[in-house]
Amino acid sequence: MDAFYASVATRDRPDLQQVPVIVGGGYRGVVLAANYPARAFGVRSGMPGTRARRLCPQAVRLPADHELFGAVSAAVMEAFRRVTPRVEAVSLDEAFLDVRGATRRLGGPREIAEELRARIHDEQRITCSVGVAASISVAKLASRLAKPDGVVVVGPEEIVEVLHPRDVGDLYGVGEKTRTVLHGLGFLTVGDLARTPVQELQHKVGRALGRQLHDLAWGTDRREVTPGRVSVFGHGGDPDRSMGAQRTFGRDQHEREVVLRELLTLTAGVARRMRAKGVAGRTVAITVRFADFRTISRSHTIAEASDVTQELYQAAVALYDALGLQRTPLRLVGVRVEGLVPRESVHRQGLLGEREHGWSDADRAVDRAAQRFGRSAVRPASLLDPSGRQSGSARGSA
DNA sequence: TCTGGGGTCCTAGGACCC
DNA sequence: TCTGGGGTCCTAGGACCC
């Protein structure tokens, strides 16, 4: 999709089509999406909101409506699957489609691309761009060239001609850091990489990256489209490797109590998602970001995989306390659970006198109540507002 | 008012095992 | 008798993607 969040947020606003619009980018936030008029001022997604406002003070700022974005995304993915079941969602607004099996039914790749764009436009009233090629990485590059609202087909005989003159930073998987390193090594264009023997590349930048860069430079990456690879969309496919949550404080926090309360909120949310997905994890990791943006992580692997909020939280607290922070202001805290496995594959040792069975039951009761009455209906007592007021749509607490 | 939040993958060192 | 080689797991950090 082109400028997805901005397109969706303004699709019922004809008055905003020609003026700069920014979604997100509030206090301490970054721009989620900028429409094309805003991009003309240099605003880009991922940019700090403060910088975006300096570049384009007159832009209209819209809040992110994640529920709406999710619904539109689901509809778009569904439209993709009417073309082919071989859809690999990359994110809410982007997917790889393997259309080899659809050509007999729907025509050549360009016809399929235009048909897809017409459907999305008719059904969702937003535009998208399509890149077509024989490999994922070249198709990805082609789609970038096609933006906005276009189609670019790169045939096999055109790959070298399209790829080699481009900056190495245009390759999928080459970000700013790698681009700088490559430029420093004298690799400016994709052609420079292509003309260098793999072994030499690997020696200079590492085994995996060297191999990858060489493949990318020739457009020969063999990666197949893997349906349902991104699990956000819940269509089976590969299981998640990890689940996590993190939060930037509105203002840096140094009180242990405040930080732990946030850790509990985050852990409870992650554990709830894990239970909903039927997975448990053994490795608990916390992330801490200091006021100067320095970021560290600590992790601990427990004996048995768990999806129990209390157990995961206890591990997180131990990691936090082991840091020995003395009222150090923190900008962000995060929790992540790694090494996820299906819950059925976990067999509990269940030591005598352990309470985890009780905690697990409590979690499930909370999940059911939250499903019926809303997520804010039930929460740990330590997360209750001490003033007694209820936030949001909470109806009661336990 | 500098810099979100959700992820994946790779590297490198050390422990540990055979 | 002065030091092997292969493999796995754990931990921390970092690059990258959207």
Side-chain angles (χ1 to χ4, degrees), chain A residues 1-5 22-34 44-55 63-64 66 69-70 73 88-96 136-137 140-141 143-144 147 169 171-182 202 205-213 216 223 226 229-233 237-252 266 269-270 273 277 282-303 315 319 322-323 331-340:
Chain A
M1 305 305 112
D2 301 328
F4 180 59
Y5 291 2
I22 294 172
V23 177
Y27 178 69
R28 282 196 154 183
V30 300
V31 174
L32 288 176
R44 298 286 181 273
S45 59
M47 178 181 280
T50 48
R51 178 140 178 256
R53 254 157 287 155
R54 269 204 306 278
L55 288 169
H66 292 287
F69 298 153
S73 170
E88 175 177 334
V90 176
S91 66
L92 281 186
D93 74 323
E94 181 173 346
F96 295 117
I136 282 181
S137 68
K140 170 72 189 169
L141 180 68
S143 78
R144 231 186 293 159
K147 280 183 181 297
L171 292 175
Y172 188 42
V174 176
E176 203 173 314
K177 305 280 180 171
T178 306
R179 177 176 182 271
T180 303
V181 168
L182 291 175
Q202 290 178 313
V205 301
R207 209 167 55 87
L209 185 58
R211 175 83 251 170
Q212 190 198 351
L213 288 174
L216 290 172
R223 190 160 84 69
T226 312
R229 196 162 189 269
V230 174
S231 61
V232 189
F233 305 94
D238 292 358
D240 292 294
R241 308 250 175 189
S242 69
M243 284 194 199
Q246 56 180 49
R247 192 166 99 90
T248 296
F249 294 115
R251 151 193 285 204
D252 294 353
L266 294 168
V270 171
R273 283 160 54 208
K277 283 269 189 178
R282 281 185 63 208
T283 302
V284 178
I286 66 165
T287 298
V288 162
R289 175 124 78 213
F290 300 104
D292 65 1
F293 224 71
R294 191 169 64 90
T295 308
I296 61 172
S297 66
R298 292 292 182 270
S299 65
H300 176 69
T301 301
I302 55 184
L319 288 166
L323 288 174
R331 182 186 178 91
L332 166 150
V333 288
V335 185
R336 176 160 294 277
V337 182
E338 302 163 357
L340 301 186

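From a predicted model like this one, the values you see are computed outputs, not experimental measurements. Convention: sequence-line order gives letters A, B, ...; per-chain numbering from 1.
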Starting at the 5' end of DNA chain B and moving along, which residue's nearest nucleotide shows up first, Ala208(A) or Thr248(A)?
-> Thr248(A)
With a 4.0 Å cut-off on heavy atoms, is Arg289(A) in touch with a base, just the backbone sugar-phosphate, or nothing at all?
-> sugar-phosphate
On DNA chain C, check which nucleotide each of Val174(A) and Thr283(A) is closest to and give me the residue with the more 5' one.
-> Thr283(A)
Which part of the nucleic acid, if any, lies within reach of Thr50(A) when heavy atoms closer than 4.0 Å are counted: base, sugar-phosphate only, or nothing?
-> base
Would you please test Leu55(A) and Met47(A) for side chain to side chain contact (heavy atoms under 4.5 Å, CB included) and show each step?
-> CA-CA 11 Å; Leu55(A) 288 169; Met47(A) 178 181 280; 3.7 Å; yes
Looking for any heavy atom pair under 4.0 Å, which part of the strands does Ala245(A) touch: base, sugar-phosphate only, or nothing?
-> sugar-phosphate
Nucleotide nearest Leu332(A) (side chain, heavy atoms from C-beta), chosen from dG4(B), dG5(B), dA12(C) = dG5(B)
Would one find a side-chain N or O of Ser91(A) under 4.0 angstrom from OP1 or OP2 of dG6(B)?
-> no
So what's dG13(B) paired with, Watson-Crick or G-U wobble, going by both distances under 3.5 Å?
-> dC10(C)
Is any side-chain N or O of Arg51(A) closer than 4.0 Å to OP1 or OP2 of dT3(B)?
-> no
Within less than 4.0 Å of OP1 or OP2 of dA12(C), is there a side-chain N or O belonging to Ser299(A)?
-> yes
Quickly work out the Arg28(A) CZ to dC2(B) P distance and round it to whole Å.
-> 9 Å
Could you check whether Phe4(A) gets within reach of a base, just the sugar-phosphate, or nothing at all, counting any heavy atom under 4.0 Å?
-> nothing
Using centres under 5.5 Å plus planes under 30 degrees as the test, is Phe293(A) stacked with dT3(B)?
-> yes
Run the numbers on Thr295(A) and Arg289(A) for side chain to side chain contact (heavy atoms under 4.5 Å, CB included), then give the verdict.
-> CA-CA 4 Å; Thr295(A) 308; Arg289(A) 175 124 78 213; 2.9 Å; yes
For Arg207(A), does the CZ atom sit with more than 12 other heavy atoms under 6.0 Å from it, leaving out its own atoms?
-> no
Do the rings of Phe4(A) and Phe69(A) sit parallel, tilted or perpendicular, given the 30° and 60° boundaries?
-> tilted
Under 4.0 angstrom between Lys140(A) side-chain N/O and dC17(C) OP1 or OP2 | no
Touch class at under 4.0 angstrom, heavy-atom based, for Leu32(A) against every strand present = base
Between dT3(B) and dC17(C) - P atom distance, rounded Å = 23 Å
Against the side chain of Arg53(A), the closest entry in dT1(B), dT11(C), dG5(B) is dT1(B)
Under 4.0 Å between a side-chain N/O of Arg331(A) and OP1 or OP2 of dT3(B), yes or no?
-> yes
Give the nucleotide from the list dT11(C), dT11(B), dC10(C) with an atom nearest to the side chain of Arg282(A).
-> dC10(C)
Any donor-acceptor N or O pair under 3.5 Å, side chains Thr283(A), Thr301(A) | yes
Between Arg336(A) (CZ) and dT11(C) (C1'), how many Å, whole number?
-> 16 Å
Protein-nucleotide distance (Glu176(A), atom CD; dG14(C), atom C1'), rounded to Å | 14 Å
For His66(A) and dC18(C), give me the distance from atom NE2 to atom C1', rounded to whole Å.
-> 13 Å
With heavy atoms under 4.0 Å as the rule, sort Met243(A) into base, sugar-phosphate or nothing.
-> sugar-phosphate
Atom-pair distance (CZ on Arg144(A); C1' on dC17(C)), nearest Å = 11 Å
Within the structure, does a side-chain N or O atom of Arg179(A) lie under 4.0 Å from either OP1 or OP2 of dA15(C)?
-> no
Which value, in whole Å, describes the distance between the P atoms of nucleotides dC18(C) and dC2(B)?
-> 28 Å
If only side-chain N and O atoms of Arg241(A) are considered, is one of them under 4.0 Å from the OP1 or OP2 phosphate oxygen of dC9(B)?
-> yes
Nucleotide forming a Watson-Crick or wobble pair with dC18(C), both distances under 3.5 Å = dG5(B)
Arg51(A) atom CZ: more than 12 heavy-atom contacts under 6.0 Å = no
From OH of Tyr27(A) across to P of dC2(B) the rounded distance in Å is 8 Å
Among the nucleotides dG13(C), dT11(C), dG6(B), whichever has the atom closest to the side chain of Gln246(A) is dG6(B)
Counting side-chain heavy atoms from CB outward, which of dC10(C), dT1(B), dA15(C) is closest to Thr301(A)?
-> dC10(C)
Report the C-alpha distance between Leu182(A) and Leu213(A) in whole Å, list the side-chain angles of each, state the deciding distance to 0.1 Å, and finish with yes or no for side chain to side chain contact (heavy atoms under 4.5 Å, CB included).
-> CA-CA 10 Å; Leu182(A) 291 175; Leu213(A) 288 174; 3.9 Å; yes
Does Ser242(A) place a side-chain N or O at less than 4.0 Å from the phosphate oxygens OP1/OP2 of dT8(B)?
-> yes
Could you check Leu209(A) against Gly244(A) and say which one's nearest nucleotide on DNA chain B is further toward the 5' end?
-> Gly244(A)
